[in-house]
A.B. asks: 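Submitted below is the structure of interest, expressed as structure tokens.
Predicted model, so just to flag it, every value in this text is computed and none were measured.
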Amino acid sequence: MATYIVKRVGQSVLTLFLTLTTVFVLLRLAPGDPAAAYAGPNPTTEDLARIRQQFGLDDSLLVQYGRFLKGLLTGDLGTSFSFQAPALDVVLERLPYTITLAFSAILVTALVAVPLGVWMARHTNTAREFGANLTTIAGQSMPDFWSGVMLLTLFAVVLPVFPASGFATWGGLVLPTLTIAILQVALISRMVAREMATNMSAPFLTVARSRGVSETSLTWHYGMRNSAIPVVTALGTRFAAMLNGVVVVEVVFAWPGVGSLVVRALETRDYPLIQATVLVTAVLTVLVQLLIDLAYPLLDPRVRLTKTSTPARPASAQATPEAATA
């Protein structure tokens, strides 16, 4: 386990380095002048030259990259052009809001999608499953911005139950969370239903059923345990994506998170702020993925870390209910 963690950390560091280097190069190749964005309307040539010198934009790309690497090692990613404050501090100040929104959304998703998917699997090829499929397909078809606007109109304008924007009270968390959860519940519940339907028709469950094991125990003790790894992987992956900033939802609800910060940074060509945002969100994503991998042996004891340092299942399949809980 220790060797696996060390290797994964090494891979993660390399991934972060390559990601940040790619972002650094692409930002400099993208059209647009940060000095012009910072100077405002009708800047003079002297103003642009002064701003470029102030932020080191007149240096060669190699010099800028060397300065970037040095700052990366010391934790100094530069000063934000638009906020005139350390870029990393600006991102870390917004990060708790994004984590709060992502955690609440994934919690609602798990509490709704997993039971719904199990229910759909237990009612396969029935009118109930058909109705649930129609509902989840509709949820997948609705874009986040449309769901957000509809919820905003209904519960903040027509029926002013929740705040329309911001995070002044905990009530302001409800509408953004529901907006994100609608799509995620539709996606995860259908995946859970597929996994559970496959496991519920497996031979070892047929043997357990013939031995008089209750349907509840078959569903949750055997079927769900064998579906745990793909379900946790899907939930973890969606959570990691939310930590990168749910841009559309944050903009619709004026949520003070990382997503809305990225939009402003892109509009102003704020290189240090964009690079700091990428660093923080990439680190969080890598940590979530690492935790998911480490959770596999806990979810299914048959999963072991192989010599190639990747979680792997044994080749032998389950044949009895006892094998499912071994």
A.B. asks: Before you tell me yes or no, could you show the steps for Ser189 and Thr136 under side chain to side chain donor-acceptor pair (under 3.5 Å), namely the whole-Å CA-CA distance, both residues' side-chain angles and the distance that decides it to 0.1 Å?
C.D. replies: CA-CA 8 Å; Ser189 62; Thr136 54; 5.1 Å; no
A.B. asks: Answer yes if Leu14 and Leu20 sit in the same cluster of Ile, Leu, Val, Met, Phe, Trp and Tyr residues linked by side chain heavy atoms under 4.5 Å apart, and no otherwise.
C.D. replies: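 Yes, same cluster.
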A.B. asks: Minimum heavy-atom separation for Val231 to Met191, with atom names?
C.D. replies: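 Reported closest heavy-atom pair: CA-CE, 3.7 Å.
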A.B. asks: Do Thr98 and Glu250 pass the side chain to side chain donor-acceptor pair (under 3.5 Å) test, and can you show the C-alpha distance, the side-chain angles, and the key distance before you say yes or no?
C.D. replies: CA-CA 9 Å; Thr98 294; Glu250 291 189 6; 3.2 Å; yes
A.B. asks: Begin with the C-alpha distance, continue with both residues' side-chain angles, and end with the deciding distance and a verdict on salt bridge (Lys or Arg N to Asp or Glu O under 4.0 Å) for Arg67 and Asp59.
C.D. replies: CA-CA 10 Å; Arg67 187 164 56 238; Asp59 295 329; 3.0 Å; yes
A.B. asks: Check whether more than 12 heavy atoms from other residues, nucleotides or ligands sit under 6.0 Å from atom CD of Gln54, and answer yes or no.
C.D. replies: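 Correct, the count exceeds 12.
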A.B. asks: Measure up the Phe239 and Phe103 rings against each other and bin them: parallel (under 30°), tilted (30 to 60°), perpendicular (over 60°).
C.D. replies: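 Rings of Phe239 and Phe103: perpendicular, as their planes differ by over 60°.
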A.B. asks: What is the minimum heavy-atom distance between Leu273 and Ser82, and which atoms define it?
C.D. replies: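 Heavy atoms only, the tightest pair is CD2-OG, 4.4 Å.
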A.B. asks: Minimum heavy-atom separation for Ala276 to Val91, with atom names?
C.D. replies: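 Heavy-atom minimum between the residues: CB-CG2, 3.8 Å.
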A.B. asks: Cation-pi check for Phe24 against Arg28: NZ or CZ below 6.0 Å from the six-membered ring centre and within 45 degrees of the axis, yes or no?
C.D. replies: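 Satisfied, under 6.0 Å and within 45°.
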A.B. asks: Is the count of non-hydrogen atoms from other residues, nucleotides or ligands lying under 6.0 Å from Leu26 atom CG greater than 12?
C.D. replies: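 More than 12 within 6.0 Å, yes.
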A.B. asks: Is NZ or CZ of Arg264 both nearer than 6.0 Å to the six-membered ring centre of Phe83 and within 45° of the ring axis?
C.D. replies: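 Verdict for Phe83: a cation-pi partner in Arg264.
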A.B. asks: Of the non-hydrogen atoms in Thr109 and Ile188, which two are nearest, and what is the gap between them?
C.D. replies: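 Distance-wise, the nearest heavy atoms are CG2-CG1, 4.0 Å.
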A.B. asks: Do the ring planes of Trp255 and Tyr97 sit parallel (below 30°), tilted (30 to 60°) or perpendicular (above 60°)?
C.D. replies: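 Trp255 and Tyr97: perpendicular rings.
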A.B. asks: Heavy atoms only: give me the nearest Ala132-Trp119 pair and the separation to one decimal.
C.D. replies: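 Heavy-atom minimum between the residues: CB-CZ3, 3.9 Å.
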